[in-house]
Enquirer: 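Starting off with a structure, shown below.
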Amino acid sequence: MDRMDRKVAIPGDLLSEDKGRSGEGTYVKDDKVYSLLYGIANYRDKINVIPLAGKYVPATGDNVIGIVKDVTFSNWIVDINSPYDGLLHISEFPKRIEMDEMQNYLRIGSSVMARVKDVDSTMKVELTLNDRRLGTLKTGRIIEISHTRVPRLIGKGGSMISMLKKELNCNIFVGQNGRIWVNGNEKEMDLALKTILIIEKEAHTNGLTDRIVEFLRTETSARS
Amino acid sequence: MEDKITFIKDGIRLDGRRVDEARPIKVEVGVLARADGSCYLEMGNNKVIAAVYGPREVHPRHLQEVSRAIVRYRYNMASFSVEERRRPGPDRRSYELSKVSREALSPVILTSYFPRSVIDIFVEVLQADAGTRTAGINAASVALADAGIPMKSLISSCAAGKVDDQIVLDPMKEEDNFGQADMPIAMTPGGEITLLQMDGHMTVEESHRAMELAMKGCRDIYNMQRKVLIDRYSQMENATRQEEAVI
């Protein structure tokens, strides 16, 4: 990416005189585009401001990693690292279970890979496990990063994450809410967590993927 | 006979400032690791720290709004912030300042983005020297930006006062206590006023002049707030540059 088309913006900064270029994290006033957030303004066809901080707000279709915080008579209440709790209804569990058996499948503290099925205007968040890729997490580790860094961890068209999976020989699931599940052998998981934390710290810099490849090469060669 | 004490001599004030000169300002952002956003700010001898948490779940539940986030602002003076120890805890003055400061900031916050949640702002005055509410608002506004909360703009705040029948910018404690009037304002960089208070006596012309002077002060403060936020990021970028250079 060219350096010239990115810059730091603060709320209220004038970004463009052309209201048609208003993208995410911006607003239009008097036919001009202003920034809503403190973050990096990306100038493409549209101008988007990517925040440097902030809480995760669930959106329909997001994959998230949640931790069960309560069990009610037909729902699991799931913490999804957000101001809003997720509701996982018993009917969204991949197999049919009775209400009195709920505790046997997911109890307080259990982790799940789930998808946001629906979010209504009052921010009632419905989750589902009905997909082959989703389900409960029994092995591996979970790490939490800021959700604003998730796009960088995935990379353009998934370039970063597929590189990590290949180089680290680990299974990695990235939740849009900033929780990441890593599964592999102990040594590789250690390296994976270390790498993810570096990506979080340096998410706003250029040429990160190349540097991470380099980092992994030196780490793995040092070990063998 | 003793000379009459004057606040201004040859256009210079007790602390050496000119009448249209504000006190030096120092701003630091992201000073608290466990808050979502934070800011430490000094305006002359005022020292305040602001912390922002949220959006997060509302407790107690009945305060929650279905269609928007609520904003809570707590202004608190430390017991050691003034010369004579102040009784800790909220009092009538801090309730009022919390309310007006909240109302100074909430017009720019896009609360509709976060229904059923709360944005908590805590401002602690560590050292007071007149103008703590304006310092608190300036710090809180930077802390809100640091927390990644969507806002239409920052808010800057500054006071003007009247001593010796002259309008002065940013009065310090002596001028505030023994002066004739004090007028704190808060505004957006676009010039929209979100806070306007006054105590004391001013003529209509004087209040216009005071308003203009305070707005000039706000614009200078806005530039400081903006600079600290922009610099923080370029610093991070340079830091990684240097790391690379070392490798």
Side-chain angles (χ1 to χ4, degrees), chain A residues 3 6-14 24-30 32 34-41 49-58 69 77 79 81-85 119-125 146-149 198-199 201-208 210-211 214-215 218, chain B residues 29-30 35-38 52-58 64-69 108-110 112-119 141-156 188-190 222 225-241 243-244 247:
Chain A
R3 290 199 63 72
R6 294 170 84 212
K7 69 167 196 194
V8 189
I10 67 161
D13 273 1
L14 177 65
E24 269 173 63
T26 68
Y27 70 99
V28 176
K29 196 178 127 195
D30 299 335
K32 287 175 186 164
Y34 297 89
S35 174
L36 265 182
L37 294 161
Y38 173 36
I40 313 296
V49 180
I50 315 298
L52 292 165
K55 290 282 169 75
Y56 170 68
V57 176
K69 60 184 250 186
I77 297 174
D79 168 49
N81 195 23
S82 152
Y84 309 106
D85 286 335
V119 184
D120 72 6
S121 59
T122 65
M123 297 313 268
K124 194 178 98 185
V125 182
S146 165
H147 89 275
T148 56
R149 310 294 202 252
I198 292 175
I199 296 171
K201 211 176 95 204
E202 301 182 6
H204 56 278
T205 56
N206 292 299
L208 185 59
D210 297 338
R211 244 179 309 137
E214 192 65 26
F215 169 77
T218 49
Chain B
V29 66
D36 295 314
S38 58
V52 170
Y53 295 82
R56 61 182 180 181
E57 251 179 89
V58 190
Q64 158 178 307
E65 294 272 350
V66 185
S67 61
R68 63 179 188 89
V108 293
I109 302 173
L110 280 105
S112 60
Y113 278 42
F114 307 103
R116 295 200 298 122
S117 66
V118 59
I119 296 164
S141 152
V142 173
L144 280 166
D146 181 39
I149 287 165
M151 292 190 286
K152 287 189 208 141
S153 69
L154 294 184
I155 292 286
S156 313
T188 66
Y222 175 74
Q225 290 172 311
R226 191 184 139 75
K227 187 171 178 295
V228 73
L229 286 169
I230 303 274
D231 284 357
R232 181 185 187 215
Y233 167 74
S234 39
Q235 208 177 45
M236 289 178 355
E237 202 170 51
N238 290 338
T240 47
R241 275 287 128 65
E243 274 170 39
E244 274 171 69
I247 294 164

Enquirer: Between chain A and each of B/Pro189, B/Gly54, B/Ser67, count heavy-atom pairs under 4.5 Å; write down the option with the most.
Expert: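 Looking at each of B/Pro189, B/Gly54, B/Ser67 in turn, B/Gly54 comes out on top.
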Enquirer: Quick check: do A/Tyr84 and B/Pro115 have side-chain heavy atoms less than 4.5 Å from each other?
Expert: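 Yes, at least one pair of side-chain atoms sits under 4.5 Å.
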Enquirer: For B/Glu57, look at atom CD and say whether over 12 heavy atoms of other residues, nucleotides or ligands are found less than 6.0 Å away.
Expert: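 Atom CD in B/Glu57 is packed in, count exceeds 12.
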Enquirer: Side chain from CB out, backbone as N, CA, C, O: work out which of these in A/Tyr27 comes under 4.5 Å of a heavy atom of chain B, or both, or neither.
Expert: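 Side chain only.
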Enquirer: Atom CD1 of B/Ile109 and atom CG of A/Leu36: how far apart are they, to the nearest 0.5 Å?
Expert: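 CG of A/Leu36 is found 12.5 Å from CD1 of B/Ile109.
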Enquirer: Quick check on B/Tyr222 against chain A: is it the side chain, the backbone, both or neither that has a heavy atom closer than 4.5 Å?
Expert: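 Contact with chain A is through the side chain of B/Tyr222 alone.
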Enquirer: Using a 4.5 angstrom heavy-atom cutoff, name the option from A/Ser82, A/Pro11, A/Gly39, A/Gly12 with the most pairs to chain B.
Expert: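 Most heavy-atom pairs within the cutoff with chain B belong to A/Pro11.
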Enquirer: Under the salt bridge (charged side-chain N to carboxylate O under 4.0 Å, His left out) rule, collect the residues that match up with A/Glu24, sequence neighbours excluded.
Expert: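 For A/Glu24 there are no salt bridge (charged side-chain N to carboxylate O under 4.0 Å, His left out) partners, ignoring immediate neighbours.
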Enquirer: Quick check on A/Asp120: does its CG atom have over 12 non-hydrogen neighbours (other residues, nucleotides or ligands) under 6.0 Å away?
Expert: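 Enclosed: over 12 neighbouring heavy atoms sit under 6.0 Å from CG of A/Asp120.
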Enquirer: Is it the backbone or the side chain of A/Ser35 that comes under 4.5 Å from a heavy atom of chain B, or both, or neither?
Expert: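 For A/Ser35, backbone heavy atoms alone lie under 4.5 Å from chain B.
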Enquirer: Give, for atom CD1 of B/Ile149 and atom NZ of A/Lys55, the distance between the pair rounded to the nearest 0.5 Å.
Expert: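 If we round to the nearest 0.5 Å, B/Ile149:CD1 and A/Lys55:NZ are 8.5 Å apart.
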Enquirer: Nearest 0.5 Å please: distance from the OG atom of B/Ser141 over to the CD1 atom of A/Ile10.
Expert: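 Here the interatomic distance stands at 8.0 Å.
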Enquirer: With a 4.5 angstrom heavy-atom cut-off, could you sort out which part of A/Ser121 is near chain B: side chain, backbone, both or neither?
Expert: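 Just its backbone gets close to chain B.
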Enquirer: Say you draw a straight line from OH of A/Tyr38 to CG of B/Leu154; how long is it, rounded to the nearest 0.5 Å?
Expert: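 Reported value, rounded in 0.5 Å steps: 10.5 Å.
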Enquirer: What part of B/Leu110 is in contact with chain A, defined as an atom under 4.5 angstrom from a non-hydrogen atom: side chain, backbone, both or neither?
Expert: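 Side chain only.
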Enquirer: Using every non-hydrogen atom in the two residues, find where A/Ala53 and B/Asp146 come nearest and quote the distance to one decimal.
Expert: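 Closest approach of A/Ala53 to B/Asp146, heavy atoms only: CB-O, 3.4 Å.
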Enquirer: Heavy-atom distances under 4.5 Å only: say whether B/Ala145 touches chain A with side chain, backbone, both or neither.
Expert: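 Both backbone and side chain.
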Enquirer: To the nearest 0.5 Å, what is the distance between NZ (A/Lys29) and OG (B/Ser153)?
Expert: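 One gets 7.5 Å once the value is rounded to the nearest 0.5 Å.
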Enquirer: Mind checking salt bridge (charged side-chain N to carboxylate O under 4.0 Å, His left out) for B/Arg226 and listing every partner two or more places apart, or none if nothing turns up?
Expert: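 Partners of B/Arg226 under the salt bridge (charged side-chain N to carboxylate O under 4.0 Å, His left out) test: A/Asp13.
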Enquirer: Of all the heavy-atom pairs spanning A/Pro83 and B/Pro55, show the shortest one and how long it is.
Expert: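 Where A/Pro83 meets B/Pro55 most closely, the heavy atoms are CG-O, 3.1 Å.
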Enquirer: So, do A/Val57 and B/Tyr113 sit near enough that their side-chain heavy atoms are less than 4.5 Å apart?
Expert: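 No, every pair of side-chain atoms sits at 4.5 Å or beyond.
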Enquirer: What heavy-atom pair brings B/Arg116 and A/Lys124 nearest, and what distance separates the two atoms?
Expert: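 For B/Arg116 and A/Lys124, the tightest heavy-atom pair comes out as NH2-N, 3.9 Å.
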